[in-house]
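We name chains A, B, ... by the order of the sequence lines, and we start the count at 1 in each one. These numbers were taken from a predicted model, which means no experiment stands behind them.
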Protein chains: 2
Amino acid sequence: MYVSAYSSYSLRACSSGILLIPAPGPVFNGPLPIRGRFYVGITIYDIAKEAGVSIATVSRVFNNNPRVSEGTRAIVQEVADRLGYQPHVSARSLARRQTETISAIVPMLSNYFYAEVLKGLQDRMSATPFDLLVYSAPTLDDVGEQAEKALHRGRSAGVMLFSAPVKGDLERQLQQSDTPVVLVDCYHPGYDSISTDNRLGGEIAAEYLLAAGVQEPAVLMANPLSVPASHRMEGFRGMLERNGISLAPSHLVVSSEGYHDGFNEQAGYDGMMSLLEAGIVPDGVFATSDVQAIGAMDALRNSEYKVPEDVQVIGFDDLPIARYLGLTTLRQPMHEMGGRAFDLLMERMVHPESTVAHTVFAPALVDRQTTRSAIVA
Amino acid sequence: MYVSAYSSYSLRACSSGILLIPAPGPVFNGPLPIRGRFYVGITIYDIAKEAGVSIATVSRVFNNNPRVSEGTRAIVQEVADRLGYQPHVSARSLARRQTETISAIVPMLSNYFYAEVLKGLQDRMSATPFDLLVYSAPTLDDVGEQAEKALHRGRSAGVMLFSAPVKGDLERQLQQSDTPVVLVDCYHPGYDSISTDNRLGGEIAAEYLLAAGVQEPAVLMANPLSVPASHRMEGFRGMLERNGISLAPSHLVVSSEGYHDGFNEQAGYDGMMSLLEAGIVPDGVFATSDVQAIGAMDALRNSEYKVPEDVQVIGFDDLPIARYLGLTTLRQPMHEMGGRAFDLLMERMVHPESTVAHTVFAPALVDRQTTRSAIVA
DNA sequence: CTGAAAGCGCTTACAG
DNA sequence: CTGAAAGCGCTTACAG
């Protein structure tokens, strides 16, 4: 494979006709639209003066307080529009003792599972006044650090914590905070949560592979610190055992990457290669995520094994891409999970004392071409 | 294909051992860790009183003001730690006239290109005190709406606008704002920007396909309102013409989806199918994104065409997944783009009046197995 | 090195 | 329906 190194280049007209401008050197001479980092702009005092009312009245019209006459409301509105007034968010938050932003702490944006869940979240949020702060926490230490920021006083109206084991310091952090929390893809008895039944998913995968004639299954697992990955594996292994087949330690390959890594193509590729290099050729592979399955299939292809003829492969997640790759997998309703997570958070904000609720989705088998049963049927 | 409908279920112990709790109904009886949506917690007044100093002094130690004696600094610190004090972000922003959050307006999180760029951004940001607000703007109207929120007074120290045509209302919005802006994957003479040379990418794709023996190329393009997609296509077509080959209108299929859709697998699939159904079987296909290429390959597979033997395929982006799919493509340095975008924004915040700079990356050809030259070589 | 005071831009009882 | 005033929790000259 050949990769020409990319480079950023400057100071020449490139093929697209865009004039490239180096950091120093005056090229653009038009008026600079940017003035600084300080807030300027007009306040309620400006519009109060202009409209001939008090600031209280101005504030009332912007808060849709009914106790403002139509007349004054109209003139305030007109002045505000003309001057391009907009409330200052920090001042408003401070005075209201309430903020309109919520935070999501996710292991990494470049994990497509999270991208999909966040998409669902955003779609649901778009009809609300809330803004979304996204914190990235690839390692367990990062989770604590980012949680600290997200739970900062006045920072978030609520936080959604993704895929984190809630115990120890993190558990303490959450307990000390008054911010509503919902857990996504993880569990703790004290907090609302939304997840899919990972054990059940593993069980379904095992049943399915068994029915498809697999006799020597292997598991490509992400980092064992990941609770979802562990549950998927345990469900799989348990169902195997209930069918009289045991999962040999040699057939369980675990990613050594950081706590929430191992959910990527490379880990799947490496895991599959390590199996193959050890002379192990399973006839069925359960990967704890779709991307791992994709990596594994690449390893199989490079080693001249055919999927599903030689090796059947099943993933987990059902990313949109899985469909176009013909990947058999267990679907998590990612979009819906994001939307529901937001609903739960709103519910908790409105009723802080209501009973904690856990929503668990059942994963659904999506039968495609990387397994044999589809062919048989 | 069979998909069992997933469902959320409640009130039974599921296989994973998690007790499912319905929304109403008391099951969790432990102490509720959540108390409400209002800020509580201790302020500088509390710690000033406890430490026997003024609030000014407390503030100074938290702002690392050197003019505090070591002794008082130590006691204030101790009291603050003991009481678990943390500054209130809104109060601080208001008083400082400055906020520590920046905003990114992206078409959609579920487009993996953005997920990768944002990852690069986050990685760079993690060493800074800044937080990231993510706005999602799938349609052109949404862009205006979200920009309005992101540019709200006091909202963002800076905003990064992704893939949006900066003209008309949007241009006006930016001009009226004092917030530093950097453009990512788009261009305007008045704002710092970072992008890749899309036309050049198209040209390279054309040259490459031609060299690989393609005689009847086709283009699978995203929505024509997308400037990057248009430039890629134009570069491709131009280079073809310079080589005496013209791109017939029948061989240019354009997605009819919304302004920033068409960058997805389904669009690639549908585009390829429409070609095939019209009896057109190109021997080379340039897709304006990797995911479109993946969709197209699925269509080809379903129609029993072999890649690259019958049809060569080249994508754009070089998502991590492309490598494991053997997809030949043009790489954009997504991670680096995110990091650089942040640097540009910081630079602009510090030097509001400095010359506008445009950074353009040259896309790099990554030669893999969906084209023939790799095999020939 | 430290404190009193004004101010950041809103909201919201409290009177009228 | 409207206004004066206090307050949200900080920061930052200004004095000392």
Side-chain angles (χ1 to χ4, degrees), chain A residues 36-77 79-80 83-101 129 152-155 157 178, chain B residues 36-77 79-80 83-101 129 152-155 157 178:
Chain A
R37 78 216 275 210
F38 292 98
Y39 310 150
V40 291
I42 66 131
T43 71
I44 49 171
Y45 288 88
D46 299 315
I47 100 125
K49 191 188 298 177
E50 178 85 7
V53 296
S54 73
I55 60 161
T57 298
V58 176
S59 177
R60 287 196 189 95
V61 351
F62 279 95
N63 287 291
N64 290 316
N65 189 317
R67 287 163 20 178
V68 181
S69 74
E70 273 318 304
T72 53
R73 180 182 301 278
I75 160 157
V76 166
Q77 200 59 262
V79 172
L83 270 50
Y85 169 76
Q86 36 179 216
H88 184 115
V89 290
S90 291
R92 176 177 271 194
S93 292
L94 187 59
R96 284 188 182 167
R97 298 161 179 72
Q98 195 179 141
T99 174
E100 282 181 336
T101 106
H152 221 87
R153 207 157 43 102
R155 209 3 149 193
D178 297 291
Chain B
R37 79 217 274 207
F38 292 97
Y39 310 149
V40 291
I42 67 130
T43 71
I44 48 172
Y45 289 88
D46 299 316
I47 98 125
K49 191 189 298 176
E50 179 84 6
V53 296
S54 72
I55 60 162
T57 297
V58 176
S59 177
R60 287 197 189 94
V61 351
F62 279 95
N63 287 290
N64 290 316
N65 189 317
R67 288 162 23 176
V68 181
S69 74
E70 273 317 304
T72 53
R73 182 183 300 278
I75 162 157
V76 166
Q77 200 59 263
V79 172
L83 271 50
Y85 169 76
Q86 37 180 212
H88 184 114
V89 288
S90 293
R92 175 177 272 194
S93 293
L94 187 59
R96 285 190 183 166
R97 299 160 178 74
Q98 191 179 143
T99 174
E100 281 181 335
T101 106
H152 221 86
R153 206 155 45 99
R155 209 4 150 193
D178 296 291

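Rounding to the nearest 0.5 angstrom, the gap separating the CD1 atom in A/I55 from the CD1 atom in A/I44 is 4.0 Å. In this structure, OG in B/S93 is found 9.5 Å from CZ in B/R155, a value given to the nearest 0.5 Å. Here the CZ-OG1 distance, from A/R92 to A/T99, works out to 11.0 Å after rounding to the nearest 0.5 Å. Taking NE2 of A/H88 as the start and OG of B/S90 as the end, the distance is 8.0 Å to the nearest 0.5 Å.
Rounded to an integer number of Å, the gap from A/L94 CG to C/dG7 P is 17 Å. Separating the CD1 atom of B/I47 from the C1' atom of C/dT2 is a distance of 15 Å, rounded to the nearest angstrom. When the P atom of C/dT2 is taken as reference, atom CD of B/E70 falls 10 Å away, rounded to whole Å. Rounded to an integer number of Å, the gap from B/D46 CG to D/dC8 P is 11 Å. Atom CZ of A/R73 is separated from atom C1' of D/dC1 by 11 Å (rounded to the nearest Å). What separates NE2 of A/H88 from P of D/dC8 is a distance of 18 Å, to the nearest Å.
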message: I'd like to know whether A/R96 forms a side-chain contact (heavy atoms from CB on, under 4.5 Å) with A/N63, so could you lay out the CA-CA distance, the side-chain angles of the two residues, the decisive distance to 0.1 Å, and finally the verdict.
response: CA-CA 11 Å; A/R96 284 188 182 167; A/N63 287 291; 2.6 Å; yes
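With both ends at atom C1', the span from D/dG16 to D/dT12 equals 16 Å, rounded to whole Å.
Applying the 4.0 Å criterion to OP1 and OP2 of D/dG3, one finds that A/T57 has a side-chain N or O inside that range. OP1 or OP2 of D/dC8 has not a single side-chain nitrogen or oxygen of B/T43 nearer than 4.0 Å. Note on B/S69: every side-chain N or O is 4.0 Å or more away from OP1 and OP2 of C/dC1.
Helical stems in DNA chain C, defined as runs of 3 or more consecutive Watson-Crick or G-U wobble pairs with donor-acceptor distances under 3.5 Å: C:1-3 with D:14-16, C:5-12 with D:5-12, C:14-16 with D:1-3.
Nearest heavy-atom pair, B/Y85 versus B/T43, reported as atom, atom and distance to 0.1 Å: CE1-C, 3.7 Å. Pairing each heavy atom of B/P129 with each of B/E100, the nearest pair is CG-OE2, 3.6 Å. Residues A/S54 and A/A48 approach most closely at C-CB, 3.9 Å, considering heavy atoms. For the residue pair A/V68 and A/T72, the shortest heavy atom distance occurs at CG1-OG1, 3.2 Å.
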statement: Protein heavy-atom contacts under 4.0 Å, written 5' to 3' over nucleotides 11-16 of chain C as B (base), S (sugar-phosphate only) or - (none), form the string BBB---
